[in-house]
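Atom set for the values below is all heavy atoms of this structure, side chains included, hydrogens, waters and symmetry mates excluded. Within every chain, numbering begins at 1; the chains are lettered A, B, ... in the order of the sequence lines, protein sequences first and strands thereafter.
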Amino acid sequence: MFPRKRPSRGPSGQSDLTKPQNKYSQTDFRKSGEIMEDSDLLKVRLEKIAALKTAGVDLYPNDIKPENTTAEIFERFGETIAADLAQLTDKFSLAGRLMAVRNFGKAAFIKIQDRKGLIQCYVAKNILSEQDFSLFKKLDIGDIVYVSGGLFRTKTDELTIEADSIRLASKAIHPLPEKWHGLTDIEIRYRQRHLDLISNPQVREIFHRRSRIIKLIREFMDSHDFLEVETPMMQPQAGGAVARPFKTHHNALGQDFYLRIAPELYLKRLVTGGLERVYEINRNFRNEGISTFHNPEFTMMEFYLSYATYTDLMSFTEELFASIARNIFNKLTFTYQGQEIDLTPPWRRLSVKDALLQIAGMEPADLTDYERAVAFAHKAGCNIRPADPLGKILMAIFDEFVEKKLIQPTFVTDYPIAVSPLSRKSDSNPDLVDRFELYISGREIANAFSELNDPADQRERFVQQLKEREAGDDEAHEMDEDYIRVLEYGMPPTAGEGIGIDRLIMLFTDSASIRDVILFPLLRTKQG
RNA sequence: GGGCCGUUAGCUCAGAGGUAGAGCAGCGGACUUUUAAUCCGUUGGCCGCGGGUUCAAUCCCCGCACGGCCCA
């Protein structure tokens with residue numbers, strides 16, 4: 001829209017000036033500094049603005065001080081009957097976006113939307129000053145306005161402000177989306193989130209709830225004596241998870257860095273440093289595809305609890321989720337995308353082995369015989385590499401068959417060591433680790449394990465990862481000597497967990513796409 | 001990365017190989033208790049972009065861009 005494209009060139013390569021100029025071409029060359037726009041709607045607005053300026057109206061004043069909000073007014077007077085309101089002499093003032101105008105010539109009903117909601121105001125010629133009323137007549141839907149006045153109830157019993165003054169607080173140049181259908185074009189909603197927030201109240205509600213849930217999580221962690229910390233997003237080596245990183249460059253240092261794929265290794269340094277209970281709620285970046293469940297930058301909470309095991313974290317997690325559900329829904333059941341989810345503890349616990357036998361339909365021999373497992377995976381169309389170890393093959397089958405079946409909250413346990421380079425080896429079976437992943441509604445939402453704090457074992461795991469990297473797995477973990485050295489100072493026995501915050505918010509807001517719970521999801525930049 | 005679908009007025013959507021339609025918004029007019037206010041009149045379109053087929057393409061074909069869903 002801004003500014004208009006030059007006329008296209010003909011095959012001769014010359015600017016095609018012989019054809020009749022289109023009727024907009026004059027507007028292409030308006031002097032710089034003015035808004036260049038083709039639409040007649042815009043032209044009308046710009047003319048109105050000129051008229052307001054001539055009339056001495058400040059389009060962008062800096063002294064607007066509303067003393068009330070819509071929510072406050074409804075809280076105090078939402079139940080007050082008309083007769084009692086008539087006795088009330090209190091005055092109120094608020095500011096917000098002009099969302100609707102129902103005009104009767106010498107009076108009008110308008111709707112003003114502030115951060116809390118929407119309220120009706122009555123604007124009448126015999127109440128307002130002449131100056132204010134003529135200003136009102138020039139306002140557009142979409143302008144930010146300030147009104148003050150008392151309260152009354154209309155014939156239809158709607159709580160309404162009777163405006164005794166009205167001011168322009170900020171002028172809108174562009175028209176708003178349609179009042180009834182709102183804005184539904186998904187691309188515009190994500191790219192111009194301000195319009196989405198203005199015209200779709202349920203979108204505001206989602207982000208209010210998101211903020212509330214994150215506050216609840218912080219309160220929960222703080223009440224368990226955790227320390228909230230922030231660790232580097234720019235890391236010389238991207239560790240702590242199995243994923244491809246984004247790369248960036250620091251000019252002054254002349255060095256490449258990676259955007260973190262997880263805060264894990266840094267948080268465990270803090271645990272080694274004696275902080276014992278730490279958590280971080282922040283962004284991670286993974287250079288992978290985009291889908292309804294994946295945004296390249298996403299929010300995760302990671303926390304580490306010393307002198308605890310992964311089984312301790314199961315009940316901890318149950319408690320955390322239950323406390324959120326109680327706060328949001330007042331109960332432990334809710335509907336997600338048409339499915340009833342029940343968070344009542346204790347949740348199902350299912351080993352990977354049992355899941356593969358019971359849900360994927362594998363035979364016991366398939367779980368231990370490499371060739372049989374590979375054959376099963378191929379038959380199922382799983383995406384595996386020739387050099388993949390047995391553990392990886394099994395998890396590929398798990399992803400294919402089991403994940404989507406785990407609707408009610410389920411702790412999947414006993415993960416193969418091959419896919420868990422940072423987890424403590426199980427005391428009962430050296431091929432497995434002390435780890436769980438939490439699945440709800442068919443999706444991984446948390447991942448936890450007893451942390452590997454034996455530096456020698458950690459070194460072996462990294463060496464194994466390097467082999468897989470050489471075999472073509474570019475997501476395999478890199479050797480991190482620095483981190484091993486940290487462990488050599490002695491890290492207390494600790495359990496750690498990561499919870500995907502965006503996915504958790506999806507659950508608690510019944511959102512189908514992760515982009516509906518992220519204000520500005522990553523989109524390809526539009527060309528031209 | 002692959003498959004399918006979408007892109008028409010500021011917004012929400014119809015449409016059809018032959019001069020582009022509605023509702024809302026806008027503009028002009030009437031109207032002092034409306035609730036998507038109503039009534040009369042009216043402006044507004046490179047039909048995503050680039051090729052091709054055709055007497056004629058917004059429509060059919062090919063490519064591209066962006067988005068959505070599914071798959072990897």
Among [options], the nucleotide that comes nearest once only the side chain of [X] is considered:
X	options	result
A:E178	B:G10, B:A37, B:U33	B:G10
A:P175	B:A65, B:U12, B:G10	B:G10
A:Y190	B:G68, B:A65, B:C27	B:G68
A:S513	B:C69, B:A25, B:C66	B:C69
A:T154	B:U33, B:A36, B:G26	B:U33
A:I141	B:G26, B:U34, B:C66	B:G26
A:L41	B:U34, B:A36, B:A25	B:A25
A:V44	B:U34, B:G26, B:G68	B:G26
A:T292	B:U32, B:G67, B:C69	B:C69
A:L523	B:C27, B:C69, B:G67	B:G67

request  = Measure distances between side-chain N and O atoms of A:Y122 and base N and O atoms of B:U34, and say whether any donor-acceptor pair falls under 3.5 Å.
outcome  =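 No.
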ask   = For the side chain of A:E187 and the base of B:U7, is some donor closer than 3.5 Å to an acceptor across the two?
value = no
Looking at [N], I'd like to know if its phosphate oxygens (OP1 or OP2) sit under 4.0 Å from a side-chain N or O belonging to [X].
X	N	answer
A:R102	B:U34	no
A:K179	B:C11	no
A:K43	B:G44	no
A:R191	B:G67	yes
A:R189	B:U12	no

For [N], the Watson-Crick or wobble partner whose two distances fall under 3.5 Å:
N	result
B:G6	B:C66
B:A22	B:U12
B:U38	B:A30

Starting from [atom2] on [N], measure out to [atom1] on [X] and report it in whole angstrom.
X	N	atom1	atom2	answer
A:Q192	B:G10	CD	P	13 Å
A:L46	B:C27	CG	C1'	15 Å
A:I290	B:A72	CD1	C1'	15 Å
A:I397	B:A72	CD1	P	14 Å
A:K48	B:A25	NZ	P	13 Å
A:D196	B:U12	CG	C1'	15 Å
A:I186	B:C11	CD1	P	15 Å
A:D185	B:C5	CG	P	19 Å

ask   = Just checking A:F152: base, sugar-phosphate only, or nothing, at a heavy-atom cut-off of under 4.0 Å?
value =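 Touches a base.
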query = So what does A:T184 hit on the nucleic acid, given a heavy-atom distance under 4.0 Å: a base, only sugar-phosphate, or nothing?
reply =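 Contact class for A:T184: sugar-phosphate only.
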key: C1' gap between B:C27 and B:A9, integer Å   =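 Their C1' atoms lie roughly 15 Å apart.
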inquiry  = Which label fits A:F104 and A:F109: parallel for a plane angle under 30°, tilted from 30 to 60°, or perpendicular past 60°?
reply    =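 Perpendicular.
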Pairwise N/O distances under 3.5 Å, protein to nucleotides 29-31 of chain B:
residue : atom : partner : partner atom : Å
B:C31   : N3   : A:N103  : O            : 3.4
B:C31   : N4   : A:G105  : N            : 3.4

query = Taking atom NZ of A:K53 as the centre, does the number of heavy atoms from other residues, nucleotides or ligands within less than 6.0 Å exceed 12?
reply = no
